[in-house]
Trainee: 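This is the structure I want to talk about, given as structure tokens.
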Amino acid sequence: MSKGIISKEEDYSQWYTDLVIKADLAEYSPVRGCMIIKPYGYSIWEKMQAVLDGMFKETGHTNAYFPLLIPKSFFSKEASHVEGFAKECAVVTHYRLKNDEDGNIIVDPEAELEEELIIRPTSETIIWNTYKGWIQSYRDLPILVNQWANVMRWEMRTRLFLRTSEFLWQEGHTAHATAEEAVEETERMLEVYADFAENWLALPVIRGRKTPNERFAGALDTYCIEALMQDGKALQAGTSHFLGQNFAKAFDVKFNTKENKLDYVWATSWGVSTRLVGALIMSHSDDAGLVIPPKLAPIQVIVVPIFKHDEELEAISAYVKTLTQELKAKGISVKFDNRDTHRPGAKFAEWELKGIPVRVAIGSRDMQNGTVELARRDTKTKETVSQQDLATTIERLLEDIQQSIYNKSLAFREENTREVDDYEEFKRLLDEEPGFLSAHWDGTAETEQLIKDETRATIRCIPLNAKQEEGRCIRTGKPSSQRVLFARAY
RNA sequence: CGGGGUGUAGCGUAGCCCGGUAUCGCGCCACAUUUGGGAUGUGGAGGCCGCAGGUUCGAAUCCUGCCACCCCGACCA
């Protein structure tokens, strides 16, 4: 176990917080519910952004930017949307401060805004207000826009990365001529997220649809990817919404069809956030610190020299310089930790805490033998290998780590996904062996709510690949045609 | 907003009942010895004891008010 980090077993949620702080990912800010993302944490987010952005471009999207502030009146236009977000909006009411008689800074009561402005909790309203001006004809469609932005939702209970009042995300907003095309887009982007989660985050996810209760405010259908964390709780890792014509109607966005008829535009929106950093931490890390999948690690290889004298360090440095060039030629990022202020053991612990996938330790003995000590973070194993073709050895090792982290997470999820047909057993499992529970549900919001009230478990999703199977609702015994996934969730 | 708790050095804390300007550890700085898994020794710096009043010769300690944060619940990517 690492210094200053409580073990996962003892207190999972404290373990998570310790890790975020100790690994230098983020810290608390002076403002409640907001966090400071530190350079190391931000560099992970940047890697995610770069990959996702590439995927969005690949699927035909382009980036744009819409304002942080949204006129309050925009919000009231889509009824369920207001209802969903009203309780957590920060509102800007004034535009000036001044000094009062005592010299204190106060809000200038004279500087009240005519129309209050909402700090965006999401951008559908301002975007659809804008799209109205962009769309007249089917020839203007589709519009495939994404924006990278911050948003604010005044959360009551916050946790670093998982739920903060302000967070960073991307939100895609597309406009289409037909419902089919919009649904296709919704599903396409869900698959982009699933692909990203599985092949980059090494995080297996369930693709599914939300129940009406859990839908995005203003959506006709919400698709999601759900992941299982190491404590058996579920985490929604990304969502993609089919918005139907709701926003087009609210903002009066009509277009001329090919048949020269007037119709409302079909919409989608989809997003993932810095919550993914939290998902990354919670799914792979251990008591020694972070475990970052190689494809997202800001530094993939750390090289630690072991030396007694400057001459030894020089000899090692010369070798490391060559190695570094070879690794960089293969697109592998590497850092040489030649600080003389820390001893090797301290460096090992530090880089383990930060989750660097591969460590190369090299001392005089290795230099004589033509070897290095190669350690992998995920399994904490190490072996002595030849310097011959080391860059290639490392390249393969990184691929192997990426795959085995994924396999491990997948095995964990499979072990902790259980089919249940008895309500008492359902409740027992939630308490004693938390994970996904696959159970029949009668399809009503009432039963869903009842189960939630009684067990604190929610329907995470209706899996897309679920097989049709006759059964009886776990709570009411009414007939059901397929299983849905329940879990306690973040 | 309800229930519980905590504010003392960068971090974690002792002291508070029973008033006398603050303890210990980590970290930090200097020097020396060290370096194949978190080094050791010696010396040193660092505090408006959350804020504002009050009681008192004297308040981290007692009293009053305020503020902030954390944990548990209702809301959520």
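Below, read A as the first sequence line, B as the second, and so on, with proteins coming before strands; counting in each chain starts at 1. Values reported hereafter were calculated over all heavy atoms of this structure, with side chains retained and with hydrogens, waters and symmetry mates removed.
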Trainee: Which ranges of RNA chain B pair up as stems, where a stem means three or more consecutive Watson-Crick or G-U pairs with both distances under 3.5 Å?
Mentor: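 Listed by first number, the stems are B:1-7 with B:67-73, B:10-12 with B:24-26, B:28-33 with B:39-44, B:50-54 with B:62-66.
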Trainee: Taking B/C75 as the reference, what is the distance to B/U23 when you measure between their P atoms (whole Å, please)?
Mentor: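 That atom pair is separated by 49 Å.
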Trainee: Parallel under 30°, tilted from 30 to 60°, perpendicular over 60°: which one fits the rings of A/Phe251 and A/Phe247?
Mentor: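 Ring orientation of A/Phe251 relative to A/Phe247: parallel.
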Trainee: When you compare B/C49 with B/U21, how far apart are their C1' atoms, in angstrom units rounded to a whole number?
Mentor: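 Between the two C1' atoms, the distance is 10 Å.
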Trainee: Could you tell me whether B/U21 is syn or anti, where syn means a glycosidic angle within 90 degrees of zero?
Mentor: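 Here B/U21 takes the syn form, which means its glycosidic angle is within 90° of 0.
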Trainee: What string of B, S and - do you get for nucleotides 28-37 of chain B, 5' to 3', when a contact is any protein heavy atom under 4.0 Å?
Mentor: ------BBBB
Trainee: Quantified in whole Å, what is the P atom distance between nucleotide B/U55 and nucleotide B/C63?
Mentor: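 Approximately 15 Å lies between the P atom of B/U55 and that of B/C63.
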Trainee: When A/Asp53 is tested against each of A/Gln49, A/Met55, A/Lys57 for side chain to side chain contact (heavy atoms under 4.5 Å, CB included), which residue passes?
Mentor: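 Answer to the side chain to side chain contact (heavy atoms under 4.5 Å, CB included) test with A/Asp53 among A/Gln49, A/Met55, A/Lys57: A/Lys57.
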Trainee: Can we say A/Glu352 and A/Arg359 salt-bridge, meaning some charged N sits less than 4.0 Å from an Asp/Glu carboxylate O?
Mentor: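 A/Arg359 and A/Glu352: salt-bridged.
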Trainee: Using the P atom as the point on both nucleotides, what is the distance between B/G27 and B/G20, in whole Å?
Mentor: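 The answer is 31 Å between these two P atoms.
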Trainee: Please state how far atom CG in A/Leu201 lies from atom C1' in B/A77, giving the value in whole angstrom units.
Mentor: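 Distance check: A/Leu201 CG to B/A77 C1' gives 15 Å.
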Trainee: Sticking with atom C1', work out how far B/G12 lies from B/G65, rounded to a whole angstrom.
Mentor: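 That atom pair is separated by 30 Å.
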Trainee: List the atom of A/Arg215, the atom of A/Asp221, and the distance in Å for their closest heavy-atom pair.
Mentor: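 Nearest pair, atom of A/Arg215 first, then A/Asp221: NE-CA, 3.8 Å.
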Trainee: Using whole Å, report how far CG of A/Asp453 lies from C1' of B/C75.
Mentor: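 That distance rounds to 14 Å.
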Trainee: Atom CH2 of A/Trp270 and atom P of B/A77: how far apart are they, to the nearest Å?
Mentor: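 Rounding to the nearest Å, CH2 of A/Trp270 and P of B/A77 are 18 Å apart.
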Trainee: What is the distance, to the nearest angstrom, from the CZ atom on A/Arg159 to the C1' atom on B/C76?
Mentor: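 Atom-to-atom, A/Arg159 to B/C76, this comes out as 14 Å.
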Trainee: Could you measure between the two C1' atoms, the one in B/G46 and the one in B/C24, and give it in whole Å?
Mentor: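 Comparing C1' positions in B/G46 and B/C24 gives a spacing of 16 Å.
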Trainee: Go nucleotide by nucleotide along RNA chain B from the 5' end; which of A/Tyr28 and A/Arg163 gets its closest nucleotide reached first?
Mentor: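 Nearest nucleotide further toward 5': that of A/Tyr28.
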Trainee: Starting at atom CD of A/Glu27, determine the distance to atom P of B/G10, rounded to an integer number of angstrom.
Mentor: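 Result: 14 Å.
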Trainee: Starting at atom CD1 of A/Ile6, determine the distance to atom P of B/G12, rounded to an integer number of angstrom.
Mentor: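 Taking atom P of B/G12 as the reference, CD1 of A/Ile6 is at 15 Å.
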Trainee: Identify the heavy atoms of A/Ile126 and A/Phe66 that sit nearest to each other, and give their distance.
Mentor: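 Shortest heavy-atom contact: CG2-CB, 4.2 Å.
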Trainee: Assess the pair A/Tyr223 and A/Phe216: is the distance between their ring centroids shorter than 6.0 Å?
Mentor: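 When the ring centroids of A/Tyr223 and A/Phe216 are compared, they turn out to be at least 6.0 Å apart.
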Trainee: Identify the residue among A/Asp431, A/Asp231, A/Thr458, A/Thr455 that makes a side-chain hydrogen bond (donor to acceptor under 3.5 Å, both in side chains) with A/Arg488.
Mentor: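 In the set A/Asp431, A/Asp231, A/Thr458, A/Thr455, the residue that makes a side-chain hydrogen bond (donor to acceptor under 3.5 Å, both in side chains) with A/Arg488 is A/Asp431.
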Trainee: Can you tell me how the ring of A/Trp45 sits relative to the ring of A/Trp148, calling it parallel under 30°, perpendicular over 60° and tilted otherwise?
Mentor: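 If you compare the ring of A/Trp45 with that of A/Trp148, the planes turn out perpendicular.
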Trainee: What's the gap between B/G36 and B/G41 when it is taken at their C1' atoms, as a whole Å value?
Mentor: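 It comes out at 24 Å once rounded to the nearest Å.
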Trainee: Roughly, in whole Å, what's the span from CD in A/Gln14 to C1' in B/G12?
Mentor: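 Whole-Å distance recorded here is 12 Å.
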Trainee: Map A/Tyr490 and A/Thr158 onto RNA chain B by nearest heavy atom, then report which one ends up closer to the 5' terminus.
Mentor: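 Here A/Thr158 is the residue nearer the 5' end.
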Trainee: By the 4.0 Å heavy-atom rule, please label A/Leu235 as base, sugar-phosphate, or nothing.
Mentor: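 It contacts nothing in the nucleic acid.
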Trainee: With under 30° as parallel and over 60° as perpendicular, where do the rings of A/Phe242 and A/Trp266 fit, or are they tilted in between?
Mentor: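 Correct class here is parallel.
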Trainee: How would you label the contact of A/Thr371 with the nucleic acid (heavy atoms, under 4.0 Å): base, sugar-phosphate, or nothing?
Mentor: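 Since no nucleic acid heavy atom lies under 4.0 Å of A/Thr371, the category is nothing.
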Trainee: Output yes when A/Arg188 and A/Glu185 qualify as a salt bridge under the 4.0 Å nitrogen-oxygen rule, no when they do not.
Mentor: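 Salt bridge flag = yes for A/Glu185 with A/Arg188.
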Trainee: Between A/Glu312 and A/Arg365, does any NZ, NE, NH1 or NH2 come within less than 4.0 Å of an OD or OE carboxylate oxygen?
Mentor: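 Answer for the salt bridge query: no.
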Trainee: Taking the C1' atom in each of B/C11 and B/C16, what is the distance between them to the nearest angstrom?
Mentor: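 Going atom to atom, C1' in each nucleotide, I get 22 Å.
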Trainee: Before accepting this row, confirm whether a basic side-chain N of the pair A/Asp286/A/Arg377 lies closer than 4.0 Å to the acidic partner's carboxylate O.
Mentor: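 Salt bridge flag = yes for A/Arg377 with A/Asp286.
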Trainee: Do any of residues 215-233 of chain A sit with a heavy atom less than 4.0 Å from RNA chain B, and if so which?
Mentor: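 Going residue by residue through residues 215-233 of chain A, none turns out to have a heavy atom under 4.0 Å of RNA chain B.
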Trainee: State plainly whether the residues A/Arg376 and A/Asp378 are in salt-bridge range, i.e. N to O under 4.0 Å.
Mentor: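 Salt bridge present between A/Arg376 and A/Asp378.
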Trainee: Distance check needed: B/A77 P versus A/Met48 CE, whole Å only.
Mentor: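 About 19 Å, once rounded to whole Å.
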